[in-house]
Amino acid sequence: MDQLELFDLPNPCIGVCQSNNRGYCVGCLRSRDERFGWHDKPVAERARILKLLEQRRARRDAARLAGKPDSNLEADANPTPDLFGF
């Protein structure tokens, strides 16, 4: 038995389900293919995706600290305005 099979890998969804202009979720940074069928994916595939997400978060955070939002991971510069002012 593979060690990965002993632990359930968490779903990285944080409930902010909105795609940016590059197709990545603004909340969890997964691509469409990575999001769909998460629980049906093999454990090794989910582990690989989680490692990719760590790298994406690190790039995003480094770009933010440098004052340069990473356009590959950030939301669109002109989001849809909130009609109710919330």
Side-chain angles (χ1 to χ4, degrees):
M1 176 178 276
D2 188 13
Q3 185 174 359
L4 288 176
E5 294 175 11
L6 296 176
F7 303 101
D8 188 33
L9 297 176
N11 187 335
C13 180
I14 61 169
V16 181
C17 302
Q18 179 182 5
S19 293
N20 67 11
N21 59 346
R22 302 275 306 195
Y24 290 100
C25 177
V26 175
C28 67
L29 302 179
R30 289 182 292 173
S31 69
R32 180 183 174 126
D33 291 337
E34 293 167 346
R35 290 190 315 263
F36 291 147
W38 174 259
H39 296 288
D40 296 329
K41 292 185 185 304
V43 174
E45 177 70 10
R46 288 186 277 160
R48 185 187 70 77
I49 292 169
L50 289 174
K51 286 184 182 191
L52 287 173
L53 297 181
E54 287 177 25
Q55 295 169 359
R56 291 175 191 159
R57 274 190 214 95
R59 283 196 317 267
R60 180 197 60 194
D61 294 346
R64 284 181 177 171
L65 285 175
K68 300 176 184 177
D70 185 354
S71 62
N72 292 334
L73 298 176
E74 292 296 323
D76 294 334
N78 297 318
T80 305
D82 186 359
L83 299 176
F84 300 104
F86 295 116

Measure across [X] and [Y] and return the closest heavy-atom pair with its distance rounded to 0.1 Å.
X	Y	value
Lys41	Ile49	CD-CD1, 3.8 Å
Trp38	Pro12	CZ2-CD, 3.6 Å
Ser19	Arg35	OG-NH2, 3.5 Å

Set of side chain to side chain contact (heavy atoms under 4.5 Å, CB included) partners for Leu52, sequence neighbours left out: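 In terms of side chain to side chain contact (heavy atoms under 4.5 Å, CB included), with neighbours along the sequence ignored, Leu52 is linked to Glu34, Arg48, Gln55, Arg56.
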Any side-chain heavy-atom pair of Cys25 and Val16 under 4.5 Å: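 They are not in contact (no side-chain heavy atoms under 4.5 Å apart), so the answer is no.
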Straight-line distance of Leu29 CG to Arg59 CZ, nearest 0.5 Å: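 Interatomic distance, Leu29 CG to Arg59 CZ, rounded to 0.5 Å: 9.0 Å.
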Set of residues satisfying side chain to side chain donor-acceptor pair (under 3.5 Å) with respect to Asn11, sequence neighbours excluded: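 Per chain and number, Asn11 pairs via side chain to side chain donor-acceptor pair (under 3.5 Å) with Arg30.
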Main-chain N/O of Gly23 paired to Arg32 side chain as donor or acceptor, under 3.5 Å: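 Flag not set: sc Arg32 to bb Gly23 has no pair under 3.5 Å.
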